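Structure first, then comments.
Because the structure is predicted, anything quoted here is derived from the model rather than measured.
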Amino acid sequence: MTARLRDRAYPEDFDYLRDVLRLTDGAEDPWREYVHGVTRSMRCFPGVLEGLQELRREGWTLGIATNGAVDIQRAKLDVTGLTGLFDGVTISEGVGARKPERAFFDAAAAACGVPLSAGGWLVGDNTATDIAGAQAAGLRTAGVAGGRESGDGPRKPDLIVSSAAEAIAMLRR
């Protein structure tokens, strides 16, 4: 069970668990409790909200591009106060493609109302999905190391920063 839920959980994972554990109740309630439990501990990192607000004031087009289940990712955005700061939100389950697939990045650009060919930046923490996928799609990248080596992956980010707030500050320069 732990292995199945380790990276990303989806409602159908709870259907699977119900079947494996031979539970008679539906999977909807455990899924809702899982989403609530995950979001209960979510916080926006210091400086991120303010930095994103500054980017908005400066005219940046901002988007969220994340792998995962729509309802849990939306709940995370809501609880952290990020929801209203973005021109587009792209969640893999909702578009039927995942990072690093090119189709995912096309969908993310379209959600923001701009063509992917216009270029831009992706700030991410996973070199295999975020950085490699964004660079293959023609975007520049800022890799958030967060205490890890951010350069060990298939591609090196254009910038390596220690936090999302630092990435925002560098982009503003």
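- For residues 72-88, every residue pair satisfying the salt bridge (Lys or Arg N to Asp or Glu O under 4.0 Å) rule, not counting sequence neighbours, is listed here: R56-D87.
- For R57, the side-chain hydrogen bond (donor to acceptor under 3.5 Å, both in side chains) criterion is met by E54, not counting sequence neighbours.
- Looking at residues two or more places apart in sequence or on another chain, you find a salt bridge (Lys or Arg N to Asp or Glu O under 4.0 Å) between D15 and R18.
- With sequence neighbours left out, the salt bridge (Lys or Arg N to Asp or Glu O under 4.0 Å) criterion links D29 to R32.
- The side-chain hydrogen bond (donor to acceptor under 3.5 Å, both in side chains) check on Y10 picks up R98, with sequence neighbours excluded.
- Residues satisfying the side-chain hydrogen bond (donor to acceptor under 3.5 Å, both in side chains) criterion with T90, sequence neighbours excluded, are absent altogether.
- Among residues at least two apart or in separate chains, ring pair (Phe, Tyr, Trp, His ring centres under 6.0 Å) pairs with a member in residues 33-82 are F14-Y34, W31-Y34.
- Pairs engaging residues 79-130 under the ring pair (Phe, Tyr, Trp, His ring centres under 6.0 Å) rule: none recorded [sequence neighbours left out].
- Evaluation of the salt bridge (Lys or Arg N to Asp or Glu O under 4.0 Å) test over residues 106-115, restricted to residues two or more places apart or in two chains, returns R102-D106.
- The two residues L116 and A109 make their nearest non-hydrogen contact at N-CB, 3.6 Å.
- Among residues two or more places apart in sequence or in another chain, the side-chain hydrogen bond (donor to acceptor under 3.5 Å, both in side chains) test is passed with E101 by none.
- The list of salt bridge (Lys or Arg N to Asp or Glu O under 4.0 Å) pairs with a residue in residues 126-135, not counting sequence neighbours, reads K99-D130.
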